[in-house]
There are 2 protein chains.
Amino acid sequence: MQSRTPATRASGRPRSVEADAAILAATREALVELGWSKLTLGDVATRAGVAKTTLYRRWAGKNELVVDAVAELFDELALPDRGTLAADIEGVVLQFAAILARPEARSGLMAVVAEGTRDEALRERIRESIVTRQKRLVVEGRARAQARGELPPENDPVEAARTVDLIFDVVAGAVVHRTLVSAEPADEEWVRDFTRVLLLGLKGASQAG
Amino acid sequence: MQSRTPATRASGRPRSVEADAAILAATREALVELGWSKLTLGDVATRAGVAKTTLYRRWAGKNELVVDAVAELFDELALPDRGTLAADIEGVVLQFAAILARPEARSGLMAVVAEGTRDEALRERIRESIVTRQKRLVVEGRARAQARGELPPENDPVEAARTVDLIFDVVAGAVVHRTLVSAEPADEEWVRDFTRVLLLGLKGASQAG
DNA sequence: TGGTTTCGCTACGAGTCGTAGCGTAATGGC
DNA sequence: GCCATTACGCTACGACTCGTAGCGAAACCA
């Protein structure tokens, strides 16, 4: 969200919260129908039933708007305890794949990542509202696995952070690449194969490392 | 390349091959300076020293042009025999990371992938000119490792193809995610960690699988 | 030389961008 | 209840990009 509660709580007409929701929903709708490149802010404003100027008062541009619209999709990710590390990984990967199967996520996410390569502020916004927020799933899953004895406890916190980053890049990267580049579904069969390789790699690395 | 030799070999003034090279180089230059969204075909034509109409006669639009411009960057990938599977993987991953460190690859590649989510023809073009062409590296590396005895020979060709696809998605996906989303360099330390996990996963999976 | 295709150039309507200006609506402070 | 303040809807605007059409000149082949 770009519209934070201002520090200087001034008087005046408050911003319509319904408008925020309507704009983000309209953005996702436009992403589905038009894709990122053909999406125009004027069209989004019309769909949302607000004036174009209202939209520009809240978001700096198309990139920021799409990041917020897409970020909401990833908030539904959760990590229910399925008993084993393998089951936990398979579960969250399938959830992630389900989100990426939605057209508004596919076109929107990759487009803003592409734009982010040339815009540090946008990259930070993506990290803050999408990436870092989901990295907690990896941390949580590891903690559970260590509590179960499936993975050895980590004593060096720096090493642990590096491992979490590595796992996150491998999991998210593989699913994204499978879905968007190879354009094949990350179905249960694929997830099972992937989880087996990842799990053996993690257990082996922690033994030998 | 979109400009194939026409089946009907007609007479007339031939297309300038220098123009093709100049346009693709100008496209990469514009990608560096402007990024994908601010890149205009008129600007590319000016940089290349050709008329805008010439550019439109050869490429259908921005997407196709950028795919061709980026595809050339990946042709330099090779797989010299470094003696062990681990060394081979580390070598090719570092090469891949070096390409993705270049700004024209970063913004261009992700942008066309994003557009490809809504354009089957473009997806096919990407697969043909970039993805499939590099998948040979995985096939080659596996064959070498099997010849060395580092990996067991694969008897089921269907299973082998699935494994190759999986490895390709994991390797390419992890490097891309590390570089473009996490925005951290895929340096030697990271590549070493990644290779160790992947290798243990592959060896373990082939033993248990 | 004639036929064919590409070339550079100019011009065009259509569409989008982001902003400015204006009057109106909805708040909080007094 | 009145006023200052802020958000809203609406219109209009210059600037830019798009993709195409039309033209004469250039470069090839027979």
Side-chain angles (χ1 to χ4, degrees), chain A residues 1-24 26-27 30-31 33-66 68 111-112 115 118-119 121-122, chain B residues 1-24 26-27 30-31 33-66 107 111-112 115 118-119 121-122:
Chain A
M1 295 298 117
Q2 98 304 346
S3 49
R4 315 180 182 285
T5 28
T8 53
R9 191 69 211 98
S11 66
R13 178 174 175 173
R15 288 194 169 175
S16 161
V17 285
E18 297 92 357
D20 258 21
I23 290 171
L24 291 176
T27 303
L31 276 175
E33 292 182 20
L34 306 172
W36 188 85
S37 62
K38 293 185 180 175
L39 178 149
T40 68
L41 296 195
D43 179 60
V44 169
T46 304
R47 288 172 188 266
V50 302
K52 192 173 63 163
T53 44
T54 298
L55 210 158
Y56 274 101
R57 287 190 192 102
R58 305 187 181 202
W59 281 276
K62 193 202 275 198
N63 291 333
E64 292 76 9
L65 174 63
V66 172
D68 288 358
V112 293
E115 291 298 303
R118 302 196 44 79
D119 185 341
L122 183 63
Chain B
M1 295 299 116
Q2 97 304 346
S3 48
R4 314 181 181 285
T5 29
T8 53
R9 189 71 209 96
S11 66
R13 177 174 177 173
R15 287 195 169 173
S16 161
V17 284
E18 297 92 358
D20 258 21
I23 290 171
L24 291 176
T27 303
L31 275 175
E33 291 183 22
L34 306 172
W36 188 85
S37 62
K38 293 185 181 175
L39 178 149
T40 68
L41 295 197
D43 179 60
V44 170
T46 304
R47 289 171 189 265
V50 301
K52 192 173 62 163
T53 44
T54 299
L55 210 156
Y56 274 102
R57 286 191 192 100
R58 305 188 182 201
W59 281 276
K62 193 202 276 198
N63 291 333
E64 291 78 8
L65 175 62
V66 172
S107 47
V112 293
E115 291 297 303
R118 301 194 45 77
D119 185 341
L122 183 63

Quick test of your reading: applying salt bridge (charged side-chain N to carboxylate O under 4.0 Å, His left out), list the pairs with at least one residue in residues 44-55 of chain B, sequence neighbours left out, ordered by first then second residue. B:Glu29-B:Arg47, B:Glu33-B:Arg47, B:Asp43-B:Arg47
Start at the 5' end of DNA chain C and walk down; is the nucleotide closest to A:Asp43 or to B:Ala19 reached first? B:Ala19
Separation of B:Glu64 atom CD from D:dC18 atom C1', in whole Å? 15 Å
Residues two or more places apart in sequence or in another chain: which of them pass side chain to side chain contact (heavy atoms under 4.5 Å, CB included) with B:Thr27? B:Ile23, B:Leu39, B:Val44, B:Leu65, B:Val66, B:Ala69
How close or far is atom C1' of C:dG18 from atom CG of A:Asn63, stated in whole angstroms? 15 Å
Which whole-number value in Å describes the distance from B:Trp59 CH2 to D:dG19 C1'? 17 Å
With sequence neighbours left out, write down each residue that passes side chain to side chain contact (heavy atoms under 4.5 Å, CB included) with B:Thr53, or none if nothing qualifies. B:Ala51, B:Arg57
Verdict with supporting geometry, A:Trp36 and B:Arg118, side-chain contact (heavy atoms from CB on, under 4.5 Å): CA-CA 9 Å; A:Trp36 188 85; B:Arg118 301 194 45 77; over 6 Å; no
When you check every protein heavy atom under 4.0 Å of nucleotides 8-16 of chain C, what one-letter string (B, S, -) results, 5' to 3'? BB------S
Would you state whether a donor and an acceptor, one from the side chain of A:Arg13 and one from the base of D:dT6, lie under 3.5 Å apart? no
Return the value, rounded to whole Å, for the distance between atom NZ of A:Lys62 and atom C1' of D:dT17. 13 Å
Residue set satisfying side chain to side chain contact (heavy atoms under 4.5 Å, CB included) with A:Ala21, at least two apart, ordered chain then number -> none
Measure the distance from CG on B:Leu34 to C1' on D:dT17 and round it to the nearest whole Å. 13 Å
Nucleotide C:dG18, atom C1' - distance to OH of A:Tyr56 in whole Å: 5 Å
What pairs with B:Thr54 under side-chain hydrogen bond (donor to acceptor under 3.5 Å, both in side chains), at least two apart in sequence or on another chain? none
